[in-house]
Amino acid sequence: MIIEQAQSELIYYKEKVSYSNICDLFELNFKKIFRLVPLLPSIKNDSIAVKSSLKDLYLICHDKSPYTASYSLTHKTKTQGKIIYRPDILFKIYFDAKLLEVISICKDTRINNSHPLLDNCSDFAFQFELNLFMLRWLDYCLDSYNGAKWKQKKEKKKKINLL
């Protein structure tokens with residue numbers, strides 16, 4: 001855990017973004033998601049982390065195979081009669097490579113439509129930014145939901161296409 005904290009500090013303060021930095025982020029995010037959800041490889045349905053003083057934390061399973069899976073880790077908020085998922089982060093886990101890659105954040109509704117890297121999603125800096133956001137989100141979840149009980153959610157869900 002101390003090694004993870006040191007890695008996080010190095011990543012947060014990197015000045016130059018490189019392929020190596022992004023791979024470090026993918027690996028660190030993988031370690032953190034497994035600390036938060038230890039039984040992740042066996043989860044095929046939506047699950048909820050319940051902790052008495054906090055909003056439920058939803059792990060939504062979009063796609064699952066033996067070597068990869070795509071999930072969202074989010075809160076559900078009901079606003080004006082609609083359910084909104086925040087943060088809206090779609091990520092992919094590569095179980096064999098031990099990596100977590102953020103696929104999209106708020107894909108359908110761009111929060112920051114004037115972002116300078118918006119038109120070049122393959123840019124290292126943009127990938128770094130997406131995965132750094134995931135790192136911070138996982139840090140928050142680990143601090144807040146440590147010891148939470150995960151339970152399976154029986155709910156109809158819509159399928160999404162992943163490219």
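Bear in mind that the values here come from a model prediction, so they are computed numbers and not experimental data. These values consider heavy atoms only, across backbone and side chains, with no hydrogens, waters or symmetry-generated copies.
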Check whether Tyr19 and Leu28 end up in the same hydrophobic cluster, where Ile, Leu, Val, Met, Phe, Trp and Tyr are linked by side-chain heavy atoms less than 4.5 Å apart.
-> yes
The reported gap from CG in Leu90 to OG in Ser104 (rounded to nearest 0.5 angstrom) is 4.5 Å
Go through the structure and list residues passing ring pair (Phe, Tyr, Trp, His ring centres under 6.0 Å) with Trp137, not counting sequence neighbours.
-> His75, Tyr140
Centroid-centroid under 6.0 Å between Phe30 and Phe26 rings = no
Can you measure from NZ (Lys98) to NZ (Lys31) and round to the nearest 0.5 angstrom?
-> 10.0 Å
Please say which of Ile33, Leu59, Leu73 ends up in a side-chain contact (heavy atoms from CB on, under 4.5 Å) with Cys141.
-> Leu73
Between CG of Leu99 and CD of Glu27, what distance do you get to the nearest 0.5 Å?
-> 7.0 Å
Non-hydrogen atoms of Leu25 and Leu132 that approach each other most closely | CD1-N, 3.7 Å
Backbone of Gln127 reached by a side-chain donor or acceptor of Asn131 within 3.5 Å | yes
How close do Phe34 and Pro41 get, heavy atom to heavy atom, and via which atoms?
-> CE2-CD, 3.3 Å
Distance-only, no hydrogens or angles: does the Thr74 side chain make a donor-acceptor pair with backbone N or O of Asp88 under 3.5 Å?
-> no
Flag side-chain contact, heavy atom, 4.5 Å: Leu100 against Tyr94 = no
Who pairs with Ser47 by side-chain hydrogen bond (donor to acceptor under 3.5 Å, both in side chains), at least two apart in sequence or on another chain?
-> Gln152
Does Ser65 have any side-chain hydrogen bond (donor to acceptor under 3.5 Å, both in side chains) partners at least two apart in sequence or in another chain, and if so, which?
-> Thr68
Starting from the C-alpha separation in whole Å, work towards a yes-or-no answer on side-chain contact (heavy atoms from CB on, under 4.5 Å) for Ile93 and Tyr71.
-> CA-CA 8 Å; Ile93 299 275; Tyr71 299 98; 4.1 Å; yes
Applying side chain to side chain contact (heavy atoms under 4.5 Å, CB included) to Ala148 and not counting sequence neighbours gives Ala49, Lys51, Tyr145
Do Lys64 and Ser70 get their side chains close enough for a donor-acceptor pair, meaning under 3.5 Å?
-> no
Straight-line distance of Arg136 CZ to Asn29 CG, nearest 0.5 Å = 11.5 Å
Please step through side-chain contact (heavy atoms from CB on, under 4.5 Å) for the pair Leu57 and Trp150, ending with a clear verdict.
-> CA-CA 9 Å; Leu57 182 64; Trp150 288 93; 4.1 Å; yes
CD1 on Ile83 to OG1 on Thr77, rounded to 0.5 Å = 9.5 Å
Nearest 0.5 Å, what's the CG-NZ distance between Asp63 and Lys44?
-> 12.0 Å
Do other residues, nucleotides or ligands put more than 12 heavy atoms under 6.0 Å from Lys55 NZ?
-> yes
Heavy atoms only: give me the nearest Ile89-Val102 pair and the separation to one decimal.
-> CG2-CG1, 3.9 Å
Under 4.5 Å between any side-chain heavy atoms of Phe91 and Ile103, yes or no?
-> no
Does the side chain of Tyr85 come within less than 4.5 Å of Ile60's, by heavy atoms?
-> yes
Under a single-linkage definition using a 4.5 Å side-chain heavy-atom cutoff for Ile, Leu, Val, Met, Phe, Trp and Tyr, are Ile84 and Ile48 assigned to the same hydrophobic cluster?
-> no
Between Lys76 and Asp56, is the closest basic N to carboxylate O distance under 4.0 Å?
-> no
For Phe95, the ring pair (Phe, Tyr, Trp, His ring centres under 6.0 Å) test, sequence neighbours excluded, returns none
What residues form a side chain to side chain contact (heavy atoms under 4.5 Å, CB included) with Leu39, not counting sequence neighbours?
-> Ser42
